[in-house]
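What follows is a short report on a single structure.
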Amino acid sequence: MSVRRCLEVWKMGTVNYASALKLQEKLVSDRKAQKITDTLLSLQHPPTYTLGKRKTDHNLLVSEPELRKLGAELHYTQRGGDVTYHGPNQAILYPIISLREIGIGARNYVEKLESTMIELASIYGVTASPGQKGETGVWVGDRKIGAIGVRIQNGITSHGLAFNIDPDLEYFKHIVPCGIADKEVTSLRLESKLELPPEEVIQEQLISCFARQFGFSLLVIDKSLQNDQYQCQTFK
């Protein structure tokens, strides 16, 4: 009989980027020490720009003081990838999982993150695909709908993916998104011909797509910093 792997999902609402980063660092340490099971943070951020470990500041098109005037923060991180934007109406998943226990490598991990967003887009009749020729993330034609930036330490993942449900796309005009010039950023709202349900429903669907792609059959949900109630469900 196969063993069902457990994924603990924290649905956290809107969280400041610095707080989410600090939490990820703690969870990575706890996962490495096997104090916790595989964990998934589902959240949104207030307007925030982040740069990866390559520190490609040239792809940030305005100064930090100007960003503050826009009501946005700037953070330097140790994830892979280039500059990106996070904000309201964007679904974010930060997986803290052991790739060694799952039995996959870094490339396959990124491919499964791509497939997670592609599957979600397909629910709403949107045909998305991985980037071509070194382009990161998930695309609808030549328009980017989902970004990926990950960090892997001793086989434990952090950071993750951001899927555009209906963010204010004006914020992307202040950067070269993911370092790829002359390409547009889009959203599920723009690309889908269907009426979208509330964002909470779409975020739940994104969690389910992630669980399906990575083979988690048991979800532990509704555990956040504000709500310590647990609900278990078998995932099919």
Side-chain angles (χ1 to χ4, degrees), residues 5-57 60 64 67-68 72-88 90-110 112-113 116-117 136-137 146-163 175 178 203 206-207 210-211 213-214 216 219-228 230:
R5 286 188 287 109
C6 180
L7 178 69
E8 182 174 301
V9 181
W10 294 26
K11 296 191 293 183
M12 302 179 65
T14 300
V15 181
N16 175 276
Y17 188 85
S19 298
L21 184 60
K22 185 176 181 180
L23 176 60
Q24 287 182 78
E25 291 170 351
K26 180 183 185 302
L27 292 175
V28 166
S29 177
D30 288 348
R31 186 67 187 92
K32 181 181 177 182
Q34 297 187 331
K35 294 180 179 179
I36 61 172
T37 189
D38 287 331
T39 301
L40 182 68
L41 307 183
S42 175
L43 51 84
Q44 295 189 15
H45 289 306
T48 305
Y49 294 92
T50 69
L51 283 154
K53 58 187 177 183
R54 289 183 288 167
K55 295 182 172 58
T56 48
D57 298 73
L60 187 62
E64 188 169 357
L67 291 182
R68 285 197 292 268
E73 297 181 352
L74 175 65
H75 292 273
Y76 290 86
T77 77
Q78 291 301 308
R79 62 162 173 79
D82 211 298
V83 64
T84 194
Y85 165 76
H86 295 311
Q90 183 188 68
I92 294 173
L93 296 184
Y94 291 144
I96 314 297
I97 64 177
S98 171
L99 296 186
R100 292 172 182 169
E101 289 191 12
I102 296 175
I104 64 173
R107 180 63 249 174
N108 193 207
Y109 172 63
V110 172
K112 286 181 178 293
L113 292 181
T116 295
M117 292 189 281
T136 61
I148 293 175
V150 304
R151 187 181 188 194
I152 302 173
Q153 305 164 264
N154 302 113
I156 308 298
T157 67
S158 59
H159 298 276
L161 64 83
F163 183 85
I175 61 174
C178 298
Q203 287 188 287
L206 185 62
I207 292 168
F210 177 89
Q213 291 295 328
F214 284 89
F216 289 105
L219 301 183
V220 181
I221 62 176
D222 286 339
K223 182 180 188 300
S224 71
L225 296 181
Q226 295 78 31
N227 179 4
D228 287 331
Y230 287 78

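Bear in mind the structure is a predicted one, so any value in this text is a computation, not a measurement.
Using modelled atom types, no side-chain atom of S19 and backbone atom of V15 make a donor-acceptor pair closer than 3.5 Å. Here the side chain of T14 pairs no donor or acceptor atom with the backbone of H45 at under 3.5 angstrom. Between the side chain of T157 and the backbone N or O of I97 there is at least one donor-acceptor pair closer than 3.5 Å. Judged by distance alone, with hydrogens and angles left aside, the side-chain atoms of K112 form no donor-acceptor pair with the main-chain N or O of F214 at under 3.5 Å.
Residues F210 and L7 have side chains in contact (heavy-atom distance under 4.5 Å, counting atoms from C-beta outward). Side chains of Q153 and S158 form a contact here, defined as non-hydrogen atoms less than 4.5 Å apart. Here the side chains of Y109 and P95 are in contact, with some heavy-atom distance below 4.5 Å. Side-chain contact between H159 and Q24: present, with at least one pair of heavy atoms (C-beta onward) separated by less than 4.5 Å. You'll find the side chain of I148 stays beyond 4.5 Å of the side chain of T136, heavy atoms only. Residues R5 and T37 have side chains not in contact (no heavy-atom distance under 4.5 Å, counting atoms from C-beta outward). Side-chain contact check for L23 versus W10: some heavy-atom pair is nearer than 4.5 Å. No side-chain heavy atom of I92 sits less than 4.5 Å from a side-chain heavy atom of Y17.
Ion pairing of R31 with E8 is absent here, as no side-chain N (NZ or NE/NH1/NH2) approaches a carboxylate O to less than 4.0 Å.
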Derivation and outcome, side-chain contact (heavy atoms from CB on, under 4.5 Å), residues K11 and L41: CA-CA 6 Å; K11 296 191 293 183; L41 307 183; over 6 Å; no

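Put simply, CD on Q203 and CE on M12 are 12.0 Å apart, with the number rounded to the nearest 0.5 Å. Remark: I156 CD1 to T39 OG1 distance equals 10.0 Å, nearest 0.5 Å. The OG1 atom of T48 lies 7.0 Å from the CG atom of N16; values are rounded to the nearest 0.5 Å.
For the pairing with L40, the side-chain contact (heavy atoms from CB on, under 4.5 Å) check across I96, L206, V9 returns one residue only, V9.
Heavy atoms only, all atoms of each residue included: S98 and D38 are closest at N-OD1, 2.9 Å. Minimum interatomic distance between A162 and M117 (heavy atoms only, all atoms of both residues): O-SD, 3.9 Å. Here the closest non-hydrogen pair linking A20 and Y94 is CB-CE1, 4.3 Å. Residues T84 and A147 come closest through the heavy atom pair OG1-CB, 4.0 Å.
No more than 12 heavy atoms of other residues, nucleotides or ligands shown are found within 6.0 angstrom of NZ on K32.
Scored by the salt bridge (Lys or Arg N to Asp or Glu O under 4.0 Å) test, K26 finds D30 as partners (sequence neighbours excluded).
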